[in-house]
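What you are looking at is a predicted structure, and each value in this text was computed from that prediction instead of being measured.
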Amino acid sequence: MRERTHSRRSGHGTSGTPGPEGGPATAPGELPPRLLTDLERAGYYPAVVADSLLTALAEEEVEAHLVHQETTFDANEVRRHVTVLTTTATRLLVAHADDHGPDETSPEPYAVCSTESVPLEQVASVVVSQVVTRPADHRPGSVPAEVSLTISWGAVQRVDLEPASCPDPDCEADHGYTGTLTGDDLTVRVAGAAEGADAVAAAVAFARALSAATSR
């Protein structure tokens, strides 16, 4: 379901909140106002993404979210995407939306928004990498220059195979194949130089909230 380029790309327009603190209470079946505001700010089919999130939430309330709008370059075409990460009391929800031009499936341009629901107990790891410039001058609580959030839950594993080799250069026997089994993951990278310090702070806040949720 996930577009695997997530873990290899950077983007623009990340926003989020560690939760609904300070905002009005959210009724079941509704998205928090701050999440709706961030979807509108990203400006990428917010109504479509909101509907997909509501379907995936299934009456649960959002506890934390992160909206990451990104731009990629495909040949001579500039394409936009949006990834939304949300947590509930029991699950991590990953939503990804992108658009497509007319093709054999549709005579008109169209957008696709997919969601994946992961029980929190299945989240295998939450890796947070922070880049700090002038580390000698760093003060506790300062926003880093860049942050990468990598989440793994073992949904997809990739096998890379190659012919097995033999140390004997004269050996002509068939030794079969050898390979490595690696888990696929999702990475969101936020750079302050491109997206601003607030976007980096939002990513750090969501990473903290997700780490706390998976430790319950």
Roughly how far apart are [X] [atom1] and [Y] [atom2], rounded to 0.5 Å?
X	Y	atom1	atom2	answer
Arg189	Leu149	CZ	CG	13.5 Å
Asp51	Tyr45	CG	OH	15.0 Å
His68	Tyr44	NE2	OH	13.5 Å
Leu36	Arg41	CG	CZ	11.5 Å
Asp185	Ile151	CG	CD1	9.5 Å

Pair Leu35-Leu53, side-chain contact (heavy atoms from CB on, under 4.5 Å): steps then yes or no: CA-CA 11 Å; Leu35 174 52; Leu53 286 172; 4.2 Å; yes
I'd like to know whether Trp153 forms a side-chain contact (heavy atoms from CB on, under 4.5 Å) with Glu116, so could you lay out the CA-CA distance, the side-chain angles of the two residues, the decisive distance to 0.1 Å, and finally the verdict. CA-CA 11 Å; Trp153 57 90; Glu116 184 168 0; 3.2 Å; yes
Counting distance only, does the side-chain N/O of [X] pair as donor-acceptor with the main-chain N or O of [Y] below 3.5 Å?
X	Y	answer
Ser106	Asp103	no
Glu195	Ala191	yes
Ser215	Ala212	yes
Arg134	Val132	no

How close do [X] and [Y] get, counting heavy atoms only, and between which atoms?
X	Y	answer
Ala95	Thr115	CB-CG2, 3.7 Å
Ser148	Thr187	CB-CG2, 4.5 Å
Val147	Gln130	CG2-CG, 4.1 Å
Thr133	Ala145	CG2-CB, 3.9 Å

Distance-only donor-acceptor check, side chains His96 and Ser114, under 3.5 Å: no
Indicate, with yes or no, if Val112 and Val48 share a hydrophobic cluster defined by side-chain heavy-atom contacts under 4.5 Å among Ile, Leu, Val, Met, Phe, Trp and Tyr. no
In the single-linkage hydrophobic clustering (I, L, V, M, F, W, Y; side-chain heavy atoms under 4.5 Å), do Val127 and Val123 co-cluster? no
The test is side-chain contact (heavy atoms from CB on, under 4.5 Å); show your working for Tyr110 and Thr105 and say whether it passes. CA-CA 10 Å; Tyr110 61 97; Thr105 65; 3.4 Å; yes
Under 3.5 Å, which donor-acceptor pairs link side chains of residues 85-93 to any protein atom two or more places apart or in another chain?
{"unit_1": "Thr87", "atom_1": "OG1", "unit_2": "Ala64", "atom_2": "N", "d": "3.3"}
{"unit_1": "Thr88", "atom_1": "OG1", "unit_2": "Glu60", "atom_2": "OE1", "d": "3.1"}
{"unit_1": "Thr88", "atom_1": "OG1", "unit_2": "Glu60", "atom_2": "OE2", "d": "3.3"}
{"unit_1": "Thr88", "atom_1": "OG1", "unit_2": "Thr90", "atom_2": "N", "d": "3.1"}
{"unit_1": "Thr88", "atom_1": "OG1", "unit_2": "Arg91", "atom_2": "N", "d": "3.0"}
{"unit_1": "Thr90", "atom_1": "OG1", "unit_2": "Glu60", "atom_2": "OE1", "d": "3.1"}
{"unit_1": "Thr90", "atom_1": "OG1", "unit_2": "Glu60", "atom_2": "OE2", "d": "2.8"}
{"unit_1": "Arg91", "atom_1": "NE", "unit_2": "Glu60", "atom_2": "OE1", "d": "2.7"}
{"unit_1": "Arg91", "atom_1": "NH1", "unit_2": "Ala56", "atom_2": "O", "d": "2.9"}
{"unit_1": "Arg91", "atom_1": "NH1", "unit_2": "Ser117", "atom_2": "OG", "d": "2.9"}
{"unit_1": "Arg91", "atom_1": "NH2", "unit_2": "Ala56", "atom_2": "O", "d": "3.1"}
{"unit_1": "Arg91", "atom_1": "NH2", "unit_2": "Leu57", "atom_2": "O", "d": "2.7"}
{"unit_1": "Arg91", "atom_1": "NH2", "unit_2": "Glu60", "atom_2": "OE1", "d": "2.9"}

Taking side chain as C-beta onward, heavy atoms only, is Asp99 less than 4.5 Å from Pro109? no
